[in-house]
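Okay, structure first, notes after.
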Amino acid sequence: MTLDALSSALKAAVASGQLLNQSLQNILELLGGASTLLYLSSVAELVSGGQWKELDDRFFKKLSFGTSGLRGR
């Protein structure tokens, strides 16, 4: 799955209320700065499986300390 296709699927999930907008923003920020395809393929696997709650749990907010990584609930 390409970044454009993944972005479209994520935006559609937000529009349908399946994914939080903040999760979308954090996912796109992570993927935009990724130096490896591992992040893209990991997120794409969850999107393909319709695992919206899992994506929200992982990406709903950033850590407030350290390296500004993302953290689940």
Side-chain angles (χ1 to χ4, degrees):
M1 184 178 284
T2 67
L3 181 55
D4 288 338
L6 187 59
S7 179
S8 294
L10 291 165
K11 288 175 183 177
V14 169
S16 66
Q18 296 174 300
L19 185 70
L20 297 171
N21 187 56
Q22 189 59 48
S23 295
L24 168 67
Q25 298 307 314
N26 291 334
I27 292 167
L28 293 178
E29 183 177 339
L30 172 73
L31 296 178
S35 59
T36 176
L37 292 177
L38 177 63
Y39 301 137
L40 179 70
S41 64
S42 296
V43 172
E45 182 179 336
L46 292 170
V47 169
S48 294
Q51 300 294 315
W52 308 117
K53 181 169 175 18
E54 182 65 27
L55 285 163
D56 276 336
D57 285 346
R58 293 183 188 192
F59 293 101
F60 80 102
K61 74 175 191 174
K62 294 180 187 178
L63 291 175
S64 58
F65 60 91
T67 60
S68 296
L70 300 175
R71 180 185 183 115
R73 293 183 199 194

Pairs flagged by salt bridge (charged side-chain N to carboxylate O under 4.0 Å, His left out) wherever residues 17-28 is involved - sequence neighbours left out
none
Going by the salt bridge (charged side-chain N to carboxylate O under 4.0 Å, His left out) test, which pairs reach into residues 14-40, not counting sequence neighbours?
E29-K62
At what distance, to the nearest 0.5 angstrom, does NZ of K53 lie from CZ of F60?
10.0 Å
With side chains defined as the heavy atoms from C-beta onward, is the minimum distance between W52 and V47 less than 4.5 Å?
yes
Salt bridge (Lys or Arg N to Asp or Glu O under 4.0 Å) against E54, all qualifying residues, sequence neighbours excluded
R58
Taking only residues two or more places apart in sequence or in another chain, which ones pass side-chain hydrogen bond (donor to acceptor under 3.5 Å, both in side chains) with Q22?
N26
Pairwise side-chain contact, D56 with S23, heavy-atom cut-off 4.5 Å (strictly under):
yes
Which pairs would a plain distance check flag for residues 31-43, meaning a side-chain donor or acceptor within less than 3.5 Å of a matching protein atom at least two apart in sequence or in another chain?
residue, atom, partner, partner atom, Å
T36, OG1, L38, N, 3.3
S41, OG, L37, O, 3.2
S41, OG, L38, O, 3.0
S42, OG, L38, O, 2.9

So, taking the atom named CD in Q25 and the one named CG in L30, what distance separates them when rounded to the nearest 0.5 Å?
13.0 Å
Residue pairs passing the salt bridge (charged side-chain N to carboxylate O under 4.0 Å, His left out) test with at least one member in residues 31-50, sequence neighbours excluded, are none
With a 3.5 Å cut-off and sequence neighbours excluded, list the donor-acceptor pairs that the side chains of residues 5-20 form with protein atoms.
residue, atom, partner, partner atom, Å
S8, OG, D4, O, 3.1
S16, OG, A12, O, 3.2
S16, OG, A13, O, 3.2
S16, OG, Q18, OE1, 2.9

